[in-house]
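Because the structure is a prediction, the values reported are computed rather than measured. For the single chain, residues carry numbers from 1 onward in sequence order.
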Amino acid sequence: MRTKPVLLVIAHGSRDPRHAATVHALVRRVRSLRPGLRVETGFLDFTIPSVHGVLESLAAEGVRDVVALPLLLTRAFHAKADIPAVLRDAPPRLRIRQAEVLGPSPLLLSALERRLHEAGLTSADRSSTGVVLASAGSSDPEAIAVITRLARQWQRTGWCGVRPAFASAALPRTEEAVRELRELGCARVAVAPYVLAPGFLPDRIARGAAEADVLAEVLGPAPEVARVLLERYDAARTPALAAVGA
């Protein structure tokens, strides 16, 4: 029987130890959902093991097939440039397919809903509550457009209003979106961080949520996020995706 490709989860990395701890918790949940699948983690910066180091180790073990999955919610610079560059520098014996980023996905909306409910909101609060969809931000217009479309889609599910916000590189900021929803007439305002792990920019989102009524946790190891990872892995295993450097 043919061996399944190793799933290599590629995270950005951070000086904040909470980031790596959350990534590892998410990877543990992925493993629990798919026993028998080998899942490794590599970081682009700040944290070890590095992506390059993991790939070298896999090649030395005799591994042949790898699915490299960017732990990113939008297809911005890291997915388009940084990660492909690292993968092109991998040992030539490895056949590597780069999976798509996690978003957009209906499962991620479900994860956002989960975090809001865990923060205390109920179904009865929906029509009177405005939500700030707070992302890290990007200078890539494609990434910003994805967040904006997601906010419009989410608003159609019955919230008083949903507004996108960005912690960097784009506007509005979280605090501005909170005020806009107040002016819209929402009885309460919740901030839903559309980020995967704690760190510098999520902390900026939290500070911007000071005037909100509810601040949800980051997506982290939510089961819906783990399921998206496995969906992207399964899709990348199909022959239609070209192998990087093959």
Would a 4.5 Å heavy-atom cut-off, applied to side chains only, mark [X] and [Y] as touching?
{"X": "Tyr233", "Y": "Arg34", "value": "yes"}
{"X": "Pro221", "Y": "Arg28", "value": "no"}
{"X": "Val63", "Y": "Glu40", "value": "no"}
{"X": "Glu100", "Y": "Arg75", "value": "yes"}
{"X": "His52", "Y": "Leu55", "value": "no"}

Test item: [X] side-chain N/O and [Y] main-chain N/O as donor-acceptor pair under 3.5 Å:
{"X": "Thr47", "Y": "Ser14", "result": "yes"}
{"X": "Arg232", "Y": "Val101", "result": "yes"}
{"X": "Thr41", "Y": "Val9", "result": "no"}
{"X": "Arg204", "Y": "Ala167", "result": "yes"}
{"X": "Asp125", "Y": "Thr122", "result": "yes"}
{"X": "Arg18", "Y": "Pro198", "result": "no"}
{"X": "Arg31", "Y": "Leu37", "result": "no"}
{"X": "Arg173", "Y": "Ala170", "result": "yes"}

Of all heavy-atom pairs between [X] and [Y], which one has the smallest distance, and what is that distance?
{"X": "Ala192", "Y": "Trp154", "result": "CB-CH2, 3.9 Å"}
{"X": "Ala99", "Y": "Pro70", "result": "O-CD, 3.3 Å"}
{"X": "Cys160", "Y": "Leu184", "result": "O-CD2, 3.9 Å"}
{"X": "Leu69", "Y": "Leu102", "result": "CD2-CD2, 3.7 Å"}
{"X": "Ile147", "Y": "Pro164", "result": "CG2-CB, 4.0 Å"}
{"X": "Gly220", "Y": "Thr22", "result": "CA-CG2, 3.6 Å"}

Verify the neighbour count for atom [atom1] of [X]: are there more than 12 heavy atoms of other residues, nucleotides or ligands below 6.0 Å?
{"X": "Glu211", "atom1": "CD", "answer": "no"}
{"X": "Arg93", "atom1": "CZ", "answer": "yes"}
{"X": "Glu217", "atom1": "CD", "answer": "no"}

Tell me whether [X] shares a hydrophobic cluster with [Y], the cluster being built from Ile, Leu, Val, Met, Phe, Trp, Tyr side chains joined at under 4.5 Å.
{"X": "Ile10", "Y": "Leu229", "result": "no"}
{"X": "Val6", "Y": "Val86", "result": "yes"}
{"X": "Leu116", "Y": "Leu181", "result": "no"}
{"X": "Val27", "Y": "Leu8", "result": "no"}
{"X": "Leu219", "Y": "Leu26", "result": "yes"}

Can Arg64 and Thr3 be counted as having a side-chain donor-acceptor contact under 3.5 angstrom? no
For Thr174, the option from Leu215, Leu133, Val132 that meets side chain to side chain contact (heavy atoms under 4.5 Å, CB included): Val132
Between atom [atom1] of [X] and atom [atom2] of [Y], what is the distance when rounded to the nearest 0.5 Å?
{"X": "Phe166", "Y": "Ser135", "atom1": "CZ", "atom2": "OG", "value": "5.0 Å"}
{"X": "Leu121", "Y": "Arg188", "atom1": "CG", "atom2": "CZ", "value": "7.0 Å"}
{"X": "Leu73", "Y": "Tyr194", "atom1": "CG", "atom2": "OH", "value": "4.5 Å"}
{"X": "Leu58", "Y": "Ile96", "atom1": "CG", "atom2": "CD1", "value": "8.5 Å"}
{"X": "Leu201", "Y": "Asp16", "atom1": "CG", "atom2": "CG", "value": "11.0 Å"}
{"X": "Asp65", "Y": "Lys4", "atom1": "CG", "atom2": "NZ", "value": "13.5 Å"}

Passes side chain to side chain contact (heavy atoms under 4.5 Å, CB included), Phe46 versus His19? Steps please. CA-CA 11 Å; Phe46 303 119; His19 175 89; over 6 Å; no
Are Arg182 and Asp213 close enough for a salt bridge, meaning some N to O gap below 4.0 Å? yes
Should the pair Glu118-Arg115 be classified as a salt bridge under the 4.0 Å nitrogen-to-oxygen rule? yes
